[in-house]
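First up is the structure itself, then whatever we jot down about it.
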2 protein chains.
Amino acid sequence: MYRTIAMKRILMPSVKTKITKRALIVSEAAKLFKEKGFGGASMRDLAEKVGMEAASIYHHIRSKEELLEEICFGLAKTYETQLSEIEQQKIGYPEKIEALIAFHVQLIIEDVNAVSVLNNDWKYLSSEKMIDFKTMRKDYEKRFAALISKGIEAGVFKNVNVSIALFTILSSLRWVELWYKPTRGVTKEDLAKNISAILMNGVKA
Amino acid sequence: MYRTIAMKRILMPSVKTKITKRALIVSEAAKLFKEKGFGGASMRDLAEKVGMEAASIYHHIRSKEELLEEICFGLAKTYETQLSEIEQQKIGYPEKIEALIAFHVQLIIEDVNAVSVLNNDWKYLSSEKMIDFKTMRKDYEKRFAALISKGIEAGVFKNVNVSIALFTILSSLRWVELWYKPTRGVTKEDLAKNISAILMNGVKA
DNA sequence: AAAACTAACTAACGTTTGTTAGTTTTATAA
DNA sequence: TTATAAAACTAACAAACGTTAGTTAGTTTT
């Protein structure tokens, strides 16, 4: 007991350093993958960004693909967690959709690199991991769609085609990633509000 | 004079063959780029698809990038032409937007490979060509935005944020490419109509 | 003080990449 | 049938790729 704690205290610094370095590598990898795509980003590029040789990176990670997996599945987990929470909240369906829209926008602004990788580079996952990824995504979409369906049944949404509505909403959100620049002078709250307004009420006068 | 015509007639068949083969290469390249991305698709992959050796492809094209350019700029031209026509039509602004939506949907269904390459692989263009591409795209977006702005001024659209409305519409359309499958049992007309309905009137009851 | 561990390095591996050069086959015209 | 041009081939290139091996210096544990 006593010994365990003591060991932890002593080991802390080196362990902490390792974790930090690894996190730096993952973070820079996300930035690089976003810029050049998974295939276009080389380990030597990445090495330069983190200030070491390409081979040295393998002291911290197992493979290039492990980086991709960590980015994709880490973020997927975040999406799932937040969806679960919103599902449980006792608010109306329009408010649930609006909350999801706000969450998506916030996530993009907070971690645009990871979101970009999740959106664009998941197809470079190994076929095993890709199956897992697609399963998670399909699950997410189904639960999102269910919120729309229930809203229609409850009479708070028009009788739209659920699939098309779902993909219209998700698509609109996906591309905040490409479009958003802090310099544009739009806060994330404004952005979420405007997107919600268009999707909820349309553009027609 | 006489000689020129004679030569043309004689050369025709072989020229035609060349054009056809080249078109096949470009078409298969689009399919391959969509599947694996520009970086992930090798010339040897492409060669196999068109039934020849990789080196032989260079009898028909100058470089791999030339394929990318042909796909991107060819389609960009199509978009521009159609936008020009719709701009000139004497219909209301909502109808113009709806016409553009229908056009985007149709183009995706007709030539999903090229649209996918245009959407995802333009960033692998050489920096020179990329500038041209971005200029064309910006021009397209500006003219699309102008239709929304004028609609607002005319009082047929709500006073929405034009940029956000524009990117919401374009985003929704971009992802038809990823989503649409003929097997889903939705005609392109239905699809365009449903998307238009949501963007024009929203989902809220 | 010895042993073990950490984190970096250099060098090199075997592949794959886009592309070029030179040669052979195929198709067409005279 | 023969000359010619087109379209394919084989072989090879240099560069870049992800990754492994072996080593070194510095730190921590025994």
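In what follows, chains carry the letters A, B, and so on, assigned in the order in which the sequence lines appear, proteins first and then strands, with residues in each chain numbered from 1.
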So, using side-chain hydrogen bond (donor to acceptor under 3.5 Å, both in side chains) as the criterion, who are the partners of A:Tyr140 when residues are at least two apart?
A:His104
Could you list the residues that satisfy side-chain hydrogen bond (donor to acceptor under 3.5 Å, both in side chains) with A:Arg143, not counting sequence neighbours?
A:Glu80, A:Ser84, A:Glu87, A:Asp139
Would you say A:Lys150 and A:Phe157 make side-chain contact, with heavy atoms under 4.5 Å?
no
Quickly work out the [X] [atom1] to [N] [atom2] distance and round it to whole Å.
{"X": "B:Tyr58", "N": "C:dT19", "atom1": "OH", "atom2": "C1'", "value": "5 Å"}
{"X": "B:Met52", "N": "D:dA7", "atom1": "CE", "atom2": "P", "value": "9 Å"}
{"X": "A:Ile61", "N": "D:dG18", "atom1": "CD1", "atom2": "P", "value": "10 Å"}
{"X": "A:Glu53", "N": "D:dC17", "atom1": "CD", "atom2": "C1'", "value": "15 Å"}
{"X": "A:Ile57", "N": "D:dT20", "atom1": "CD1", "atom2": "P", "value": "13 Å"}
{"X": "A:Arg22", "N": "C:dA8", "atom1": "CZ", "atom2": "P", "value": "14 Å"}

Which nucleotides of DNA chain D pair, in dot-bracket form (Watson-Crick or G-U under 3.5 Å, | meaning another strand)
||||||||||||||||||||||||||||||
Salt-bridged, A:Glu141 to A:Lys134, with N to O below 4.0 Å?
no
Going by the rule ring-ring contact (aromatic ring centres under 6.0 Å, His included), which residues pair with A:Tyr180 if we only count those two or more places apart in sequence or in a different chain?
none
Does B:Glu189 have more than 12 heavy atoms from other residues, nucleotides or ligands lying within 6.0 Å of its CD?
yes
So with a 6.0 Å cut-off around NZ of B:Lys158, is the heavy-atom count from everything else above 12?
yes
Side-chain donor-acceptor pairs of residues 26-43 of chain A under 3.5 Å, sequence neighbours excluded:
| unit_1 | atom_1 | unit_2 | atom_2 | d |
| --- | --- | --- | --- | --- |
| A:Lys36 | NZ | A:Asp45 | OD2 | 3.3 |
| A:Ser42 | OG | A:Arg44 | N | 3.3 |
| A:Ser42 | OG | A:Asp45 | N | 3.0 |
| A:Ser42 | OG | A:Asp45 | OD2 | 3.4 |

Given [options], which nucleotide is nearest the side-chain atoms of [X]?
{"X": "B:Ala54", "options": "C:dT10, C:dT19, D:dT10", "answer": "C:dT19"}
{"X": "B:His59", "options": "D:dT20, D:dA7, D:dT19", "answer": "D:dA7"}
{"X": "B:Lys64", "options": "C:dA11, D:dG18, C:dT19", "answer": "C:dT19"}
{"X": "A:Lys21", "options": "C:dG18, C:dA11, C:dA8", "answer": "C:dA8"}

Kindly say if B:Ser56 contacts the phosphate of D:dC9, meaning a side-chain N or O under 4.0 Å from OP1 or OP2.
yes
Residue-phosphate contact under 4.0 Å: B:His60 side-chain N/O, D:dA6 OP1/OP2
no
Determine whether the side chains of B:Glu177 and B:Ser116 contain a donor N or O and an acceptor N or O closer than 3.5 Å.
yes
Under a 4.0 Å heavy-atom cutoff, the residues of residues 25-49 of chain B touching DNA chain D are B:Arg44
